[in-house]
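In what follows, chains carry the letters A, B, and so on, assigned in the order in which the sequence lines appear, proteins first and then strands, with residues in each chain numbered from 1.
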Number of protein chains: 2
Amino acid sequence: MTWDFDRNRPIYLQIGEEICRRIVRGDLPPGARTPSVRELAAELRVNPNTVQRAYQELERNGVLFARRGQGSFVREDPALVGRLRQQIAAAAARRYWTEVAALGMSPEEARRLIAGVIHDDKSSLR
Amino acid sequence: MTWDFDRNRPIYLQIGEEICRRIVRGDLPPGARTPSVRELAAELRVNPNTVQRAYQELERNGVLFARRGQGSFVREDPALVGRLRQQIAAAAARRYWTEVAALGMSPEEARRLIAGVIHDDKSSLR
DNA sequence: CTTAGTGTAATAGTAAGATAGTACAGTGAC
DNA sequence: GTCACTGTACTATCTTACTATTACACTAAG
């Protein structure tokens, strides 16, 4: 999976967010080994330093831990997945509402717009 | 209105977005003069060059036009407001759905989450 | 022990955003 | 004409994200 970054935001942040998404989805369950720094850097066509910075950030936030010579792993905290899911989703929802409210959009229209986008996306899958 | 920037995104982009929001809301109707470069720079505690860059960007996108010695103005294109409103809102909705879908969230939950956030916000206004 | 793979650290260089300061060009009011 | 405002342009400097490269410390497998 090569993948496109938002050029206007630091890559290391976007990598961290992607790791968290994989954890929430269950692709990276607690205890699992994450891709190594060099491995992920090659996959994303990015410098290893950038990946390492992302991992350090995640370690500081209690998401990962690292073992020299072995790799980095998802923490085994049972509350982790739920916490991440809740944090990310709530932030996304809040951001959406903040943005459209700043346009003067009504709650009803804000809800309708989301429903429409979701519906269009579903029907475009075939 | 002093106002806080997202430190992880270029300020000039955020200024441009705020101008567009003001246009959509009607605070800056077509034909209206925008704050001068120096004026807005002072208001936002930002360098005049940064504001100028935002204005240039908006001029390239057909949102503003400038007259030396007079100021910058919102274009009088009758479709402008609707176009901006549609663009910004649709992008916001799409981004929200992309984000939560990447967590594995269902359409129903995505809609419920938005409804909850909007409701909480309304009831916190008093 | 050797080897290959891991995380970690340090250095140097590049590019972009932002600041500071100055200067020039056009407009309108006096 | 003068003055005060506008947009516009340019240079220099700083900071940060990112790249490139090298090196070291640790672990597991052979």
Side-chain angles (χ1 to χ4, degrees), chain A residues 2-20 22-23 28-76, chain B residues 2-20 22-23 28-76:
Chain A
T2 294
W3 135 45
D4 48 332
F5 295 105
D6 177 348
R7 202 165 307 280
N8 289 322
R9 285 177 54 233
I11 296 178
Y12 74 94
L13 286 181
Q14 299 180 56
I15 293 176
E17 291 160 4
E18 174 61 15
I19 296 294
C20 289
R22 291 186 189 183
I23 294 174
L28 233 40
R33 229 201 71 175
T34 67
S36 81
V37 170
R38 294 171 180 82
E39 201 178 346
L40 187 54
E43 180 187 337
L44 302 179
R45 323 270 306 249
V46 145
N47 196 278
N49 295 345
T50 306
V51 176
Q52 198 203 341
R53 183 163 180 188
Y55 278 14
Q56 281 179 333
E57 202 78 1
L58 293 173
E59 199 166 357
R60 283 199 318 106
N61 289 27
V63 176
L64 302 182
F65 66 95
R67 277 203 287 248
R68 251 192 156 92
Q70 297 187 30
S72 298
F73 304 84
V74 181
R75 279 198 101 135
E76 310 235 23
Chain B
T2 294
W3 138 45
D4 46 333
F5 296 105
D6 177 349
R7 199 164 307 281
N8 289 322
R9 286 177 54 233
I11 297 179
Y12 76 94
L13 286 181
Q14 300 180 57
I15 293 176
E17 290 160 6
E18 174 62 17
I19 297 293
C20 290
R22 291 187 189 182
I23 293 173
L28 232 40
R33 231 201 69 177
T34 67
S36 81
V37 169
R38 294 171 178 83
E39 201 178 347
L40 187 55
E43 179 188 337
L44 302 179
R45 321 271 305 248
V46 147
N47 195 280
N49 295 344
T50 305
V51 175
Q52 199 205 339
R53 182 162 181 189
Y55 278 13
Q56 281 179 333
E57 203 76 3
L58 293 174
E59 198 166 357
R60 280 200 319 108
N61 289 27
V63 176
L64 302 183
F65 67 96
R67 278 204 286 249
R68 252 190 155 90
Q70 297 185 28
S72 298
F73 304 84
V74 180
R75 278 198 101 134
E76 311 234 24

Over how many whole Å does the gap from A:Asp6 atom CG to C:dG17 atom P extend? 12 Å
Closest non-hydrogen atom pair between B:Pro35 and B:Tyr55, with its separation: O-OH, 2.7 Å
Please give, in whole Å, the distance from D:dA17 P to A:Ile11 CD1? 12 Å
Which residues in residues 48-65 of chain B have at least one heavy atom lying under 4.0 Å from any atom of DNA chain C? B:Asn49, B:Thr50, B:Arg53
If you compare every side-chain N and O of B:Arg33 against the phosphate oxygens of D:dT6 (OP1, OP2), does one of them come in below 4.0 Å? yes
So, do A:Leu40 and A:Thr34 sit near enough that their side-chain heavy atoms are less than 4.5 Å apart? no
Would you kindly give the CZ-to-C1' distance between A:Arg7 and D:dC18, to the nearest whole Å? 12 Å
Show the nearest heavy-atom pair for residues A:Gly62 and A:Arg75, with the distance to one decimal. O-CD, 3.0 Å
For the base of C:dA20, is there a side-chain donor-acceptor partner from B:Asn47 under 3.5 Å away? yes
Is the distance from OP1 or OP2 of C:dA18 to the nearest side-chain N or O of B:Tyr12 less than 4.0 Å? no
Would you mind telling me which residue lines up with the more 5' stretch of DNA chain D, A:Arg38 or B:Glu39, judged by nearest nucleotide? B:Glu39
Salt bridge or not for B:Glu57 and B:Arg53, using N-O below 4.0 Å? no
Where A:Gln14 and A:Phe5 come nearest, the two heavy atoms and their spacing: OE1-CA, 3.5 Å
What is the minimum heavy-atom distance between A:Ser72 and A:Ala66, and which atoms define it? OG-CB, 3.8 Å
Can you measure B:Arg45 atom CZ to C:dA20 atom P for me and round it to whole angstrom units? 11 Å
How close do B:Leu64 and B:Val74 get, counting heavy atoms only, and between which atoms? CD2-CA, 3.9 Å
Mind calculating the distance between CG (A:Leu40) and C1' (C:dT8) to the nearest angstrom? 17 Å
In this structure, how many angstroms lie between the C1' atom of C:dA18 and the CD1 atom of B:Ile15, rounded? 11 Å
Nearest-angstrom distance from the residue atom CZ of B:Arg67 to C1' of D:dC5: 15 Å
Below the 4.0 Å mark, does D:dC5 have OP1 or OP2 next to a side-chain nitrogen or oxygen of B:Arg68? no
Closest-nucleotide mapping onto DNA chain C: is A:Pro35 or A:Asn8 further toward the 5' terminus? I mean the 5' end. A:Pro35
Any A:Ser36 side-chain nitrogen or oxygen under 4.0 Å from OP1 or OP2 of C:dG5: no
Answer with base, sugar-phosphate or nothing: what part of the nucleic acid does A:Gln14 contact at a heavy-atom distance below 4.0 Å? nothing
